[in-house]
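What follows is a single structure, written as structure tokens, with notes after it.
Note that the structure is predicted; figures quoted are calculated from it, not measured. Lettering of chains follows the sequences in order, A, B, ..., and the numbering in each one begins at 1.
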There are 2 protein chains.
Amino acid sequence: MRHVPTASQAKPAPNGRGRRGSRASGDDRERAILETAERLLEERPLREISVDDLARGAGISRPSFYFYFPSKDAVVLTIIDRLVAAAAGSREQALRTLAEGEPRAGLRQGLEDLYAAFRSRRAVVLAAAELRTANDEARELWTEVMEGWVADVTAVIESERARGAAPPGQPARDLAIALVQMNERVQYATFADESPSLEDDRVLDVLVDIWLRAIYGAAEPG
Amino acid sequence: MRHVPTASQAKPAPNGRGRRGSRASGDDRERAILETAERLLEERPLREISVDDLARGAGISRPSFYFYFPSKDAVVLTIIDRLVAAAAGSREQALRTLAEGEPRAGLRQGLEDLYAAFRSRRAVVLAAAELRTANDEARELWTEVMEGWVADVTAVIESERARGAAPPGQPARDLAIALVQMNERVQYATFADESPSLEDDRVLDVLVDIWLRAIYGAAEPG
DNA sequence: CCACCTTATCAACACCGCGTCGATTGAGTC
DNA sequence: GACTCAATCGACGCGGTGTTGATAAGGTGG
């Protein structure tokens with residue numbers, strides 16, 4: 001279980017991740033650490049950034065770092081929390097468009113918004129993916145996010161089937177899981193510039209096409 | 001560039017990963033280390049296995065370990081090399097079935113064989129995925145494997161389009177990349193028992209369905 | 001059979017990154 | 001001017017990695 005109210009509550013009260021108690025001038029330091037982390041993540045992966053790097057970057061010693069954050073991971077988790085809160089906005093927006101009876105356009109719009117939100121914080125997203133394999137809290141956060149999307153997509157598929165726009169097929173939730181995970185993986189590969197990976201400007205066309213065919217396509221045409 | 005001839009050449013000559021020179025009785029130790037690694041990977045992730053664990057498991061001291069392998073990663077890479085060589089068999093088999101004019105059945109068969117091959121070495125596959133993010137050599141090996149599959153799938157799609165069985169659509173290679181990456185991610189999630197993830201016995205039905213719709217489906221029916 | 005190479009082994013070491021402890025400073029009450 | 005408490009950091013212990021150098025334990029051949 002995570003203990004933090006997923007950010008967005010400006011400063012009040014100590015939380016599991018942030019500084020312990022108080023709110024004196026050291027707010028600057030805390031911000032400095034977060035900014036240093038974001039800056040360094042643009043240059044190299046999390047695993048190559050030490051607590052000392054973060055401390056020095058923020059102009060303090062390593063032990064002082066621990067006054068503000070309990071660990072390196074906690075810093076990144078704080079950053080991710082905020083990104084996730086921001087992305088939640090995009091998701092709600094997309095859902096609303098979807099609900100307005102124009103599901104295909106809405107779908108494209110939704111995937112576009114999400115892609116843009118993550119694309120703009122590429123470094124953080126890659127760090128989050130790296131953390132996920134090692135850190136329980138990160139894994140739980142990721143799970144929450146994925147479950148949220150899967151639930152939404154499942155609802156959309158079911159409603160499209162109910163109104164006859166989409167044919168029956170695999171259980172909606174199973175389909176949703178595979179599609180959401182496809183997006184995660186494809187986008188990650190593009191952000192990380194893996195090979196093979198899709199070109200940045202091809203990602204959406206390809207993903208949207210597969211989603212539409214998976215949801216609206218008949219089982220086996222041609 | 002990797003320097004190792006992807007295993008399968010029993011013992012000859014020192015290679016980049018294995019023991020340096022010679023082939024005395026210490027062959028047993030080398031095998032013992034590899035077996036210890038596989039055994040421990042069934043219990044816990046690579047990151048929680050130390051060189052000392054591997055050494056003790058093989059009945060030698062930590063420094064002695066370095067006589068056989070240059071690092072913990074090298075051990076896992078050796079294991080992965082062998083798995084990949086084995087999986088290459090499945091892939092060739094699948095391709096042959098595919099080429100015999102029964103592409104849909106062949107596709108299902110191919111995905112099934114691959115899934116079974118990896119499923120049976122779950123622990124190793126998960127370790128490989130973990131290594132990939134941290135280790136250059138692992139990343140290159142993974143790239144080779146992925147590029148191989150993408151190339152094959154691209155060829156299949158193009159040939160199906162050429163003979164009129166599949167309609168035109170996104171560039172075949174782009175489609176292939178997304179589908180192959182989807183499989184990777186979905187299978188990983190299932191092996192790791194993430195949430196959300198597909199149930200073990202649902203994976204193939206869902207993946208095959210999406211593949212068929214993505215390849216053979218029309219752009220936008222219903 | 002003994003000098004010699006080569007295989008195989010490990011204690012001891014140097015290094016790095018993490019997280020903690022305890023002492024110290026300095027600004028703000030009362 | 002005595003007290004508090006946020007903030008800082010030197011020094012430490014821990015656990016992990018990889019290396020060095022000394023040593024034993026087989027052949028091999030002169």
Report the distance from atom [atom1] of [X] to atom [atom2] of [N], rounded to the nearest whole Å.
X       : N       : atom1 : atom2 : result
F69(B)  : dT9(C)  : CZ    : C1'   : 17 Å
N135(A) : dC18(C) : CG    : P     : 14 Å
D27(B)  : dA8(C)  : CG    : C1'   : 13 Å
I33(B)  : dT9(C)  : CD1   : C1'   : 12 Å
L54(A)  : dC9(D)  : CG    : P     : 15 Å
R56(B)  : dT9(C)  : CZ    : P     : 15 Å
Y68(A)  : dA6(D)  : OH    : C1'   : 8 Å
F67(A)  : dG19(C) : CZ    : C1'   : 16 Å

Can you check whether R29(B) has a side-chain N or O nearer than 4.0 Å to OP1 or OP2 of dT9(C)?
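For dT9(C), OP1 or OP2 has a side-chain N or O of R29(B) closer than 4.0 Å.
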Phosphate-side-chain proximity, S61(B) and dT9(C), N/O vs OP1/OP2 below 4.0 Å
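No, outside the criterion.
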Between [atom1] on residue [X] and [atom2] on residue [Y], distance to nearest 0.5 Å:
X       : Y       : atom1 : atom2 : result
L83(B)  : F118(B) : CG    : CZ    : 5.5 Å
R119(B) : D113(B) : CZ    : CG    : 15.5 Å
K72(B)  : I33(B)  : NZ    : CD1   : 14.0 Å
T78(B)  : E30(B)  : OG1   : CD    : 7.5 Å

Between Q181(A) and Q187(B), is a side-chain contact (heavy atoms from CB on, under 4.5 Å) present by the stated rule, with each step listed?
CA-CA 10 Å; Q181(A) 286 179 343; Q187(B) 292 183 23; over 6 Å; no
Under 4.0 Å from any atom of DNA chain C, heavy atoms only: list the residues of residues 37-45 of chain A that qualify, in numerical order.
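Nucleic-acid contacts, sorted: none.
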Quick test: give all pairs of protein nitrogen or oxygen and nucleotides 15-19 of chain D nitrogen or oxygen below 3.5 Å, distance rounded to 0.1 Å.
{"unit_1": "dT17(D)", "atom_1": "OP1", "unit_2": "V51(B)", "atom_2": "N", "d": "3.2"}
{"unit_1": "dT17(D)", "atom_1": "OP2", "unit_2": "V51(B)", "atom_2": "N", "d": "3.4"}
{"unit_1": "dT17(D)", "atom_1": "O4", "unit_2": "R62(B)", "atom_2": "NH2", "d": "3.3"}
{"unit_1": "dG18(D)", "atom_1": "OP2", "unit_2": "Y66(B)", "atom_2": "OH", "d": "3.0"}
{"unit_1": "dG18(D)", "atom_1": "N7", "unit_2": "R62(B)", "atom_2": "NH1", "d": "2.7"}
{"unit_1": "dG18(D)", "atom_1": "N7", "unit_2": "R62(B)", "atom_2": "NH2", "d": "3.3"}
{"unit_1": "dG18(D)", "atom_1": "O6", "unit_2": "R62(B)", "atom_2": "NH2", "d": "2.4"}

Has the side chain of R139(B) got a donor or acceptor atom that lies under 3.5 Å from a matching backbone atom of R132(B)?
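It does hold such a pair.
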Is a donor on one side and an acceptor on the other found under 3.5 Å between the side chain of T190(B) and the backbone of L198(B)?
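The answer is yes, because a donor-acceptor pair under 3.5 Å joins these two groups.
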Taking all non-hydrogen atoms of both residues into account, name the closest pair between G59(A) and R29(A) and its distance.
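So the two residues come closest at O-NH1, 3.8 Å.
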Between Y115(A) and F191(A), does the ring centroid distance fall short of 6.0 Å?
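Here the rings of F191(A) and Y115(A) have centres that are less than 6.0 Å from each other.
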